[in-house]
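Structure first, then comments.
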Protein chains: 2
Amino acid sequence: MVVEEQIVAMKSDFFKALAHPTRVRILERLARNGEEVCVCELIEDLGVEQSNLSQHLSILRKQHIITSTKVGLKVMYRIKYPEVLTIMEKVQKILAQQFQEGEALMRHLADR
Amino acid sequence: MVVEEQIVAMKSDFFKALAHPTRVRILERLARNGEEVCVCELIEDLGVEQSNLSQHLSILRKQHIITSTKVGLKVMYRIKYPEVLTIMEKVQKILAQQFQEGEALMRHLADR
DNA sequence: CAACTATTTAATAATATTATAATATATTTT
DNA sequence: AAAATATATTATAATATTATTAAATAGTTG
């Protein structure tokens with residue numbers, strides 16, 4: 001069935017959208033505030049180039065993981081689906097378990 | 001703090017490991033069985049080249065998302081952390097919501 | 001131990017992602 | 001309406017990921 005393949009592709013696209021440090025940091029920043037955060041504040045907090053941040057926001061927007069509203073000159077972003085937060089928590093939990101097993105950080109530092 | 005950055009990198013590496021259709025399919029196949037599945041069966045079910053599959057398994061192994069045990073000639077794989085299943089379910093749920101909003105499949109087919 | 005089976009690893013060419021730099025758009029202020 | 005501000009888009013060179021092919025391991029069976 002061809003639709004099944006499309007859905008799998010959508011899932012991997014979803015994960016691909018999360019698969020970059022800057023985008024993880026964007027989501028964690030948006031998660032912390034709970035409410036809307038403007039791009040200008042993200043630039044400040046994450047300390048990345050404006051253009052680069054904008055591209056990462058664009059990738060998250062395309063997957064509809066975040067949405068934006070324009071307020072005057074500013075654009076406010078927020079996480080669209082609360083499930084995204086759950087996913088972030090679960091990853092945190094998996095890493096925590098890996099730490100307990102003494103695998104995580106050492107491996108990460110070593111083999112890349 | 002430098003450790004924070006390492007952790008963010010680990011999270012994005014985790015997502016990167018899930019960010020490929022074949023690897024999503026591997027996990028869904030392992031999730032279905034619940035128990036161990038050998039490589040030979042994955043080749044059959046997913047219909048991918050043996051060598052290519054092995055590389056994808058390697059990527060999932062490096063992130064300790066799956067583990068393997070050797071039984072005779074065969075290598076049996078299984079999902080290591082149940083949280084991975086939760087994550088897959090949440091993604092499914094997000095996509096389902098996007099479908100309800102009529103956004104998902106059309107967008108996916110359109111803009112890539 | 002030689003042939004066989006199951007799987008992994010290595011090399012590589014094609015493709016995709018990324019950061020940077022430059023430019024464009026849209027809103028506000030003067 | 002020109003200047004200023006906030007953000008987005010485009011082009012591109014550097015880097016990373018991928019599928020394919022070929023070769024290497026490691027167990028098993030005769």
Side-chain angles (χ1 to χ4, degrees), chain A residues 5 8-27 29-30 36-78 108 110-112, chain B residues 5 8-27 29-30 36-78 108 110-112:
Chain A
E5 282 168 36
V8 167
M10 288 168 62
K11 287 175 184 172
S12 61
D13 284 347
F14 178 91
F15 288 124
K16 204 174 289 180
L18 305 186
H20 190 285
T22 299
R23 297 197 288 270
V24 167
R25 297 216 293 144
I26 289 169
L27 292 177
R29 180 64 190 80
L30 294 181
E36 302 188 319
V37 180
C38 72
V39 177
C40 52
E41 204 172 330
L42 289 170
I43 292 170
E44 286 285 299
D45 291 3
L46 308 190
V48 302
E49 281 294 321
Q50 180 271 317
S51 170
N52 191 214
L53 175 62
S54 195
Q55 286 176 90
H56 285 300
L57 289 171
S58 167
I59 289 167
L60 289 170
R61 243 187 300 120
K62 270 196 189 128
Q63 294 305 315
H64 292 242
I65 293 170
I66 60 180
T67 41
S68 59
T69 49
K70 192 150 194 178
V71 180
L73 273 177
K74 299 185 173 180
V75 177
M76 311 296 289
Y77 278 93
R78 64 184 170 287
H108 179 259
D111 63 31
R112 330 183 320 146
Chain B
E5 282 169 37
V8 166
M10 288 168 63
K11 288 175 184 172
S12 61
D13 283 348
F14 178 91
F15 288 123
K16 204 173 291 182
L18 306 186
H20 191 284
T22 300
R23 298 196 288 272
V24 167
R25 297 214 295 144
I26 289 169
L27 292 177
R29 180 63 190 80
L30 294 181
E36 303 188 318
V37 179
C38 73
V39 176
C40 52
E41 204 172 331
L42 289 170
I43 293 170
E44 285 285 301
D45 290 2
L46 308 190
V48 300
E49 279 295 320
Q50 181 271 317
S51 171
N52 189 215
L53 175 63
S54 193
Q55 286 175 90
H56 285 298
L57 289 170
S58 168
I59 289 168
L60 290 169
R61 241 188 301 119
K62 270 195 190 130
Q63 295 305 315
H64 292 242
I65 293 170
I66 59 179
T67 42
S68 60
T69 50
K70 193 151 193 177
V71 179
L73 274 180
K74 298 187 173 179
V75 177
M76 310 296 289
Y77 277 93
R78 62 181 170 289
H108 179 259
D111 63 33
R112 329 185 317 148

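In what follows, chains are A, B, ... by sequence order, proteins preceding strands, each numbered from 1.
Screening residues 64-75 of chain B for salt bridge (charged side-chain N to carboxylate O under 4.0 Å, His left out), with sequence neighbours left out, gives no hits. Residue pairs meeting the salt bridge (charged side-chain N to carboxylate O under 4.0 Å, His left out) criterion with at least one partner in residues 38-55 of chain A, sequence neighbours excluded, are A:R29-A:E41, A:R29-A:D45. Every pair passing ring-ring contact (aromatic ring centres under 6.0 Å, His included) that includes a residue from residues 38-60 of chain B is listed here, sequence neighbours excluded: B:H20-B:H56.
Rounded to whole Å, atom P of C:dA6 lies 16 Å from atom CG of B:L57. One can place CD of B:E44 at 11 Å from P of C:dA6, the figure rounded to the nearest angstrom.
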Under the side chain to side chain contact (heavy atoms under 4.5 Å, CB included) rule, what do B:L57 and B:L42 come out as? Steps first, then yes or no, please. CA-CA 10 Å; B:L57 289 170; B:L42 289 170; 4.1 Å; yes

Let's test your reading of the pairing rules: Watson-Crick or G-U wobble, both distances under 3.5 Å, then write DNA chain C as a dot-bracket string with ( ), [ ], | and dots. ||||||||||||||||||||||||||||||

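For A:S51, the side chain to side chain contact (heavy atoms under 4.5 Å, CB included) partners two or more places apart in sequence, or in a different chain, are A:Q55. Residues meeting the side chain to side chain contact (heavy atoms under 4.5 Å, CB included) test with A:I43, sequence neighbours left out: A:V39, A:Q50, A:L53.
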Pick out the pairs of N or O atoms, protein on one side and nucleotides 1-7 of chain D on the other, that lie under 3.5 Å.
| residue | atom | partner | partner atom | Å |
| --- | --- | --- | --- | --- |
| D:dT7 | OP1 | A:V39 | N | 3.3 |
| D:dT7 | OP1 | A:C40 | N | 3.4 |
| D:dT7 | OP1 | A:V75 | N | 3.3 |
| D:dT7 | OP2 | A:C40 | N | 2.8 |

Expected rows: protein N/O vs nucleotides 10-18 of chain D N/O, under 3.5 Å:
| residue | atom | partner | partner atom | Å |
| --- | --- | --- | --- | --- |
| D:dT18 | OP1 | B:R23 | NH2 | 3.2 |
| D:dT18 | OP2 | B:R23 | NH1 | 3.4 |
| D:dT18 | O3' | B:H20 | NE2 | 3.2 |

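A:F14 and A:Q63 make their closest contact through N-OE1, 3.9 Å (heavy atoms, listed as atom of the first residue, atom of the second, distance). Minimum interatomic distance between B:K16 and B:R23 (heavy atoms only, all atoms of both residues): O-NH2, 3.1 Å.
Distance CD1/B:I26 to CG/B:L18: 11.0 Å, rounded to 0.5 Å. Atoms CG and CD1, on A:L27 and A:I66 in that order, are 7.0 Å from each other to the nearest 0.5 Å.
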